[in-house]
Asks: 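What follows is a single structure, and I will ask about it in a moment.
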Amino acid sequence: RAVALVPVLNLIQPQDGSTTTDSRISVAGQVYSNQPLNDLRILVGDHLLQASGAGGDAGYSFQFDNYPLELGANSISVRIESPGGEAQQTLIVQRIDADLPPAELEALAINVLRPLAGTVSSSSNINIAASVSGGSGALNFTVGGQGVPLSQLTDTAFSASTTVALASCDGSVQTVDLVLSDQAGQSLHKSLELRCDNAAPVISLLQPAALQADTDNPVAENPLPLLGEVVDNNLAGLSVNGQSLVLAPTGAANTYRFEAQLQLLDGSNQLEIQAWDKANNSSSLGYNLLADLGLELTVLSPVDGSEFAYSDQATQLDVVAQAVGLAADDTVSLQLNGGDSQAMALDGETARRSSSAQLLVGDNQLIVEVRDAEGQLRARKTVNFSALNSVAEDLALASSSPAAGAQATAPNEPLILYFNKAVPLDEITLDISQSVHGPAYDLSNQRGVGFTELPEPELVQINIDRAPVVGSRA
């Protein structure tokens, strides 16, 4: 059974904001709906109308004659009620006194009803529907240089529908010219941008690599990091197991990267990646993943997403992992930035190693693995962290407390400075000064005087510019 859709209302007459001397006018328009005519209620103000027409691409037409107008601004509301929902438009018509000079000739107008702006079609044959109005005498309407027959809606408004065939369906923008002219020599030009795309997005799963469809794929990492790319020039979205992901441009044309962490259950798991574009072309990848979660592996150091500072004199990276459920002959190893595998020393369920592998300034990746006596992978954990060379990095003030620009700070409040790297205290020189301008009370005459004998404090003007502040460092 077809789903009832919200109707589309197109008011053709009168024009919103128009001016007339008539005390009564006609209100006309079209309704596009997938519902039968008897299921539609058309109300112009409080008046119920009956539409006509065959529906479909041509829609249903309606017209209400002799709609009364008051002098001044008149608000006209048209509402469509249907099983699929309501559509409503309100327009303003200004009625002026008939003794005023006549209004100028109504300007030509082209109102494109279909396709909507930004629509991408999966077919090279695209239907264009429009309403045209205004001008003087007979109207001539062309689409892409070809004449289009007009169906009269009102005295000055007409509907038009035609199909154009695009030269290509590669997703590129193709322009079609719409031209409306009248017998008075007026003409109106409008450019319509159309796009056709019949190619589905191309999905590539980069990590984990070498997964096979229609078979069980053993995986040893939970959550499982997913990394991939999708290529499409009109991409609309991508999801993993029904959850939409944020896509990041890669720099390559029409190519986007996606990342996710897939939480696994012990045993069989489904992985489905779907991508779709604005023309409703879609593609998908599906895999069955087999997870053995009897071994719980956790990397304690470095922490995923952390920042590691090192110097030229100390480039060792201390790696600590915990493996709960190790067998007696299992081994634990690490791999840094795709380098050689390095065995980790085991102490019960804790594995350690100080890796001397070269760190990269910026992004680094550490992989810790557990394998059995036959070399089969039992568990894997991936940790991404960043590194900076503290020697090469210029010393900079990261923040302070109180923050710069702080107001209403308490007297004698300590000033705490945070730097972007460690620095010896004896290498820090602080030059702190204060500037104070404005009225203040001089309390010097309050010292040594009893409470009942206190004199009035004197209000004085203070002007201090960059006076040194005495304090101590810690």
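Everything numeric in this text was worked out from a predicted model, so none of it was measured.
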Asks: Give me the one residue out of Val8, Val78, Ile80 that meets side chain to side chain contact (heavy atoms under 4.5 Å, CB included) with Val31.
Replies: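 Single side chain to side chain contact (heavy atoms under 4.5 Å, CB included) partner of Val31 among Val8, Val78, Ile80: Ile80.
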
Asks: If you count the non-hydrogen atoms of other residues, nucleotides and ligands that lie under 6.0 Å from CD in Gln243, is the total more than 12?
Replies: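 No.
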
Asks: Within the 4.5 Å heavy-atom criterion, are Leu271 and Val240 side-chain neighbours or not?
Replies: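 Side chain of Leu271 against side chain of Val240, heavy atoms only: contact under 4.5 Å found.
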
Asks: Could you tell me which non-hydrogen atom of Gly85 sits nearest to which non-hydrogen atom of Pro7, and how far apart they are?
Replies: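 Smallest heavy-atom distance, with atoms named: O-CD, 3.6 Å.
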
Asks: Looking at side-chain heavy atoms only, is the closest gap between Ile273 and Leu238 below 4.5 Å?
Replies: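 Sidechains of Leu238 and Ile273: in contact.
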
Asks: Does the side chain of Gln63 come under 3.5 Å of the side chain of Asp65 through a donor N or O and an acceptor N or O?
Replies: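 Side chains of Gln63 and Asp65: pair found under 3.5 Å.
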
Asks: Let's go through Gln335 and Asp340 carefully: what are the C-alpha distance in whole Å and the side-chain angles of both, what is the deciding distance for side chain to side chain donor-acceptor pair (under 3.5 Å) to 0.1 Å, and is it a yes or a no?
Replies: CA-CA 6 Å; Gln335 185 185 55; Asp340 295 335; over 6 Å; no

Asks: State, without any angle test, whether Asp216 and Ser268 hold a side-chain donor-acceptor pair at a distance under 3.5 Å.
Replies: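 There is no such pair (donor and acceptor under 3.5 Å, judged by atom type) between the side chains of Asp216 and Ser268.
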
Asks: So which atom in Ala323 and which in Leu297 form the shortest heavy-atom distance, rounded to 0.1 Å?
Replies: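 Scanning both residues, the minimum pair turns out to be CB-CD1, 4.1 Å.
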
Asks: Where do Asn66 and Arg24 come nearest, in terms of heavy atoms and distance?
Replies: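 It is O-NH1, 2.9 Å.
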
Asks: Tell me if the CG atom of Asp170 is crowded by more than 12 foreign heavy atoms within 6.0 Å.
Replies: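 Yes.
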
Asks: When you compare the side chain of Met344 with that of Val368, does any pair of heavy atoms fall below 4.5 Å?
Replies: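 Yes, their side chains come closer than 4.5 Å.
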
Asks: Between the side chains of Arg95 and Asn74, is a donor N or O closer than 3.5 angstrom to an acceptor N or O?
Replies: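 There is no such pair between these side chains.
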
Asks: So, the side chain of Glu272 versus the backbone of Ser284: is there a donor-acceptor pair under 3.5 Å, distance only?
Replies: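 No; judged by distance alone, with no hydrogens or angles, the pair does not exist.
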
Asks: Just checking, is any N or O donor in the side chain of Gln88 or Ser77 under 3.5 Å from an acceptor N or O on the other one?
Replies: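 There is such a pair between these side chains.
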
Asks: Between His47 and Phe64, what is the ring plane arrangement, given parallel below 30°, perpendicular above 60°, and tilted in between?
Replies: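 It falls in the parallel class, under 30°.
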
Asks: Under 3.5 Å, is there a donor on one side chain and an acceptor on the other for Gln15 and Ser133?
Replies: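 Result is yes, a qualifying pair exists.
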
Asks: When you look at Asp372 and Gln376, which way does the side chain to side chain donor-acceptor pair (under 3.5 Å) test go after all the steps?
Replies: CA-CA 5 Å; Asp372 62 18; Gln376 296 298 314; 5.8 Å; no

Asks: Quick check for you: to the nearest 0.5 Å, what is the distance between Leu265 atom CG and Leu293 atom CG?
Replies: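 Here the interatomic distance stands at 7.5 Å.
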
Asks: Return the minimal non-hydrogen interatomic distance between Pro208 and Leu224, and the atom names on each side.
Replies: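 Heavy atoms only, the tightest pair is CG-CD2, 4.1 Å.
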
Asks: Do Ser123 and Asn125 have side-chain atoms, one donor and one acceptor, less than 3.5 Å apart?
Replies: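 Checked: Ser123/Asn125 side chains show no N/O donor-acceptor pair below 3.5 Å.
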
Asks: Any donor-acceptor pair under 3.5 Å linking the side chain of Asp292 with the backbone of Leu290?
Replies: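 Looks like no, no N/O pair under 3.5 Å.
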
Asks: With respect to Arg378, which candidate in Asp330, Val332, Thr331 satisfies the side chain to side chain contact (heavy atoms under 4.5 Å, CB included) definition?
Replies: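 Single pass found, and it is Asp330.
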
Asks: Is it the case that over 12 heavy atoms from other parts of the model lie below 6.0 angstrom from the CD atom of Glu70?
Replies: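 Atom CD in Glu70 is not packed in, count stays at 12 or less.
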
Asks: Just wondering, more than 12 heavy atoms not from Glu193 lying within 6.0 Å of its CD?
Replies: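 Not buried by this count: 12 neighbours or fewer within 6.0 Å.
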
Asks: Do Glu221 and Thr382 have a side chain donor and acceptor closer than 3.5 Å?
Replies: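 Checked: Glu221/Thr382 side chains pair up, N/O donor to acceptor below 3.5 Å.
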
Asks: Heavy atoms, side chains only, cut-off 4.5 Å: are Leu43 and Leu49 in contact?
Replies: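 No - every pair of side-chain heavy atoms lies 4.5 Å or more apart.
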
Asks: How many angstroms lie between atom CD1 of Ile12 and atom CG of Leu153, to the nearest 0.5 angstrom?
Replies: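 It is 3.5 Å, given to the nearest 0.5 Å.
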
Asks: Supply the atom-to-atom distance Phe385 CZ to Glu307 CD, rounded to the nearest 0.5 angstrom.
Replies: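 The CD atom of Glu307 is 11.0 Å from CZ of Phe385, to the nearest 0.5 Å.
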
Asks: Determine yes or no for a side-chain-to-main-chain donor-acceptor pair under 3.5 angstrom, with Asn281 supplying the side chain and Asp197 the backbone.
Replies: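 Yes; at least one donor-acceptor contact below 3.5 Å.
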
Asks: Salt bridge or not for Arg79 and Glu81, using N-O below 4.0 Å?
Replies: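 Counted as a salt bridge, because a side-chain N and a carboxylate O are separated by less than 4.0 Å.
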
Asks: When you compare the side chain of Leu415 with that of Pro402, does any pair of heavy atoms fall below 4.5 Å?
Replies: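 Sidechains of Leu415 and Pro402: in contact.
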
